[in-house]
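Since the structure comes first, as structure tokens, the remarks are kept for the end.
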Amino acid sequence: MPTPEAGSLAGGRTVHFPVVDPATGETFGEAPDQQPGELDGVVARAESAWYGWRADPAARTAALHGAADAVETAGDGLARLLTREQGKPLAESYAEVARTAARLRYFADLAPRTRRIDDGRPVHSEIRWRPIGPVAAIVPWNFPLQLAAAKFAPALAAGNTVVLKPSPLTPLATRLLGSVLATALPENVLTVVTGREPLGARLASHPGIRHVTFTGSAPTGRAVNAAAAASLARVTLELGGNDAAVLLDDVDVDRIADRLFWSAFRNCGQVCMAVKRVYVPARLHAQVVEALAQRAKAAAVGPGLDPETRLGPVNNAPQLARVEQLTQQALAGGARAASGGRRLNGRGYFFAPTILTDVPSGSPVVTEEQFGPVLPVLPYRSLDEAVDAANGTGFGLGGSVWGTDLDRAEAVADRLECGTAWINHHAELSLAQPFAGVKDSGVGVAGGPWGLYGNLRPFVVHRPKEA
């Protein structure tokens, strides 16, 4: 990795913090606990590297393609380490590594376009684009590699350098990724720092950082926004969601049940844009609950390294406690668990995949982001009631509509207050499309050309048309 040994204190002693395997609840590794004071040197080196990195677009393109090749070569080790610390099934970890490499390739070939404006004046006005400087990328624990690449790939392609901080719950695969990328990128162009708070807060507020891109909770996002304001750094915040799926009265339940179930339970429900609430016409409610409950009962739950596993553990003990609390609150309020409803016995942070019915509409498991393997299914009497309920939280990341009449479904999707709406599927994104939320789900845009331009600033040159 292109940094000196991290976490060192006066006297040469290196401090580390433990990393837990969520499938066992036991420590299996450790990572350097870098201190906030070390960031001054890290950011200064990132700024020095920026001058050379931004100067040669062709070299950047070649380096990023080389970085993608290196990620694919190291894919097996990255995927296995990711599963150990995050918990997801190994197949999903391989997919995350592949997505990381694909994102590097996509942005390697994406370049900003110079534009000339002809507004009738006797001058040529040309808009060019320049990189903005060192970027801080602060990444959560649910998709450590994929979300890291979503931040550093466009930033690097734009000509910026990056200081990447993973969650202290999942630092190891990111450190390994940093070492892999260091074989293809110039020194200090991408630096991985690991540590517990206040390292992230200090990085967000560091005066040498020009753009802070963060994924996490809304309260932490507000704190990041306030910290970055001190240096007037640009911010991009993806702050989670409470996505609703609205089923129409012409939906073919048997046909869509598998897709709907895995749209909610992939990565054990720990996906910002997973389906977290389902609204169903009252006459179809029992059928939908039964179809989803059957799939929940049949899903193989276990350690991610077991090839039979489809659902791994919740990533960490505090999140498991939150999932359990939200479920118990709902059950105490009159809800019924058609499947699951409890944590599983034995080692690790396992919670049975849970389908809830008879849930009060104001229950926190409905109004808040549960971020775990729990799904409330709620009946509605009128479509207006369903749309109002879907829009009735502070979140607005994604949503979906499920039905046979696609034109009608699209008309309903157009009424959802969110950044992305899907019809008859959910949480599928192209590398070329924008990704953004409304309300408490975020600020700024990631993905596609919009993600690239978010890491650039316009530079306008005026030149007379005649000498």
Side-chain angles (χ1 to χ4, degrees), residues 19-24 28-29 68 71-104 139-151 153 166-167 169-174 176-177 180 215 238 240-241 243 258-276 295-296 298-316 319-320 323 344 348-354 370-375 398 422 425-431 435:
V19 181
V20 172
D21 181 342
T24 65
F28 82 100
V71 169
E72 289 180 336
T73 300
D76 187 66
L78 284 167
R80 290 183 178 278
L81 186 55
L82 176 59
T83 288
R84 284 294 304 276
E85 66 177 355
Q86 202 283 330
K88 65 185 61 181
L90 187 58
E92 293 184 21
S93 290
Y94 278 116
E96 184 166 342
V97 172
R99 187 80 166 180
T100 299
R103 204 176 296 269
L104 280 163
V139 181
W141 46 261
N142 58 330
F143 288 93
L145 304 187
Q146 185 170 316
L147 290 176
K151 299 177 185 307
S167 164
L169 296 167
T170 52
L172 299 181
T174 308
L176 178 57
L177 177 65
V180 169
T215 300
E238 194 270 278
D243 289 13
D258 274 337
R259 270 175 287 153
L260 180 60
F261 178 82
W262 289 110
S263 294
F265 285 89
R266 183 170 67 92
N267 197 25
C268 203
Q270 298 165 130
V271 182
C272 58
M273 55 182 172
V275 170
K276 298 185 175 75
R295 286 156 177 80
V301 179
L305 291 176
D306 184 337
E308 301 299 319
T309 292
R310 292 297 306 277
L311 285 174
V314 176
N315 173 257
N316 57 83
Q319 186 60 29
L320 176 63
V323 170
L344 298 177
Y349 306 140
F350 292 98
F351 198 89
T354 298
Q370 67 269 35
F371 218 67
V374 178
L375 183 64
W422 295 269
H425 63 126
H426 196 106
E428 296 178 21
L429 294 175
S430 161
L431 295 176
F435 182 61

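Shortest non-hydrogen contact noted between L147 and V139 is CB-CG1, 3.9 Å. The minimum heavy-atom distance linking A264 with A274 is given by the pair O-CB, 4.0 Å. The nearest pair of heavy atoms linking Q86 to N267 is OE1-OD1, 3.3 Å. The minimum heavy-atom distance linking G398 with W422 is given by the pair CA-CZ3, 4.0 Å. Listed here is the closest heavy atom pair of V71 and V180: N-CG1, 3.8 Å. Nearest approach of P171 to E85, heavy atoms of both residues: N-OE1, 3.2 Å.
A heavy-atom distance below 4.5 Å is found between the side chains of L81 and F28. Within the 4.5 Å cutoff, the side chain of V275 has no heavy atoms near those of the F261 side chain. You'll find the side chain of V314 reaches within 4.5 Å of the side chain of P373, heavy atoms only.
If you take CG on N315 and OH on Y349, they are separated by 9.0 Å, rounding to the nearest 0.5 Å. Between atom OG1 of residue T215 and atom CD of residue Q146 there is a gap of 11.0 Å, rounded to the nearest 0.5 Å. Of the inter-residue distances, the one linking R99 atom CZ with L145 atom CG reads 13.5 Å to the nearest 0.5 angstrom. From L78, atom CG reaches atom OG1 of T174 across 9.5 Å, with rounding to the nearest 0.5 Å. Here the straight-line distance linking atom NE2 of H425 with atom CZ of R259 works out to 9.0 Å at 0.5 Å rounding. For the atom pair Q319 CD and Q370 CD, the distance stands at 9.5 Å (nearest 0.5 Å).
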Check the pair L429, M273 against side chain to side chain contact (heavy atoms under 4.5 Å, CB included), reporting the backbone distance first and the verdict last. CA-CA 10 Å; L429 294 175; M273 55 182 172; 3.2 Å; yes
Stepwise side chain to side chain contact (heavy atoms under 4.5 Å, CB included) check, F351 with V374: CA-CA 9 Å; F351 198 89; V374 178; 3.9 Å; yes
Passes side chain to side chain contact (heavy atoms under 4.5 Å, CB included), L320 versus F350? Steps please. CA-CA 8 Å; L320 176 63; F350 292 98; over 6 Å; no
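For the pair R295 and W262, the cation does not sit on the ring face, since its NZ or CZ is not both under 6.0 Å from the ring centre and inside 45° of the axis.
With sequence neighbours excluded, the residues forming a side chain to side chain contact (heavy atoms under 4.5 Å, CB included) with P353 are F265, A296, V301, L311, listed by chain and number. Annotation: ring pair (Phe, Tyr, Trp, His ring centres under 6.0 Å) contacts of W141 (sequence neighbours excluded): F371.
E72 places no side-chain N or O within donor-acceptor distance of the main-chain N or O of A74, the cut-off being under 3.5 Å. The backbone N or O of N142 sits less than 3.5 Å from a side-chain atom of K88, completing a donor-acceptor pair. At distances below 3.5 Å, not a single donor-acceptor pair connects side-chain atoms of D243 with backbone N or O atoms of K276. T309 places a side-chain N or O within 3.5 Å of a backbone atom of P303 that can act as its donor or acceptor partner.
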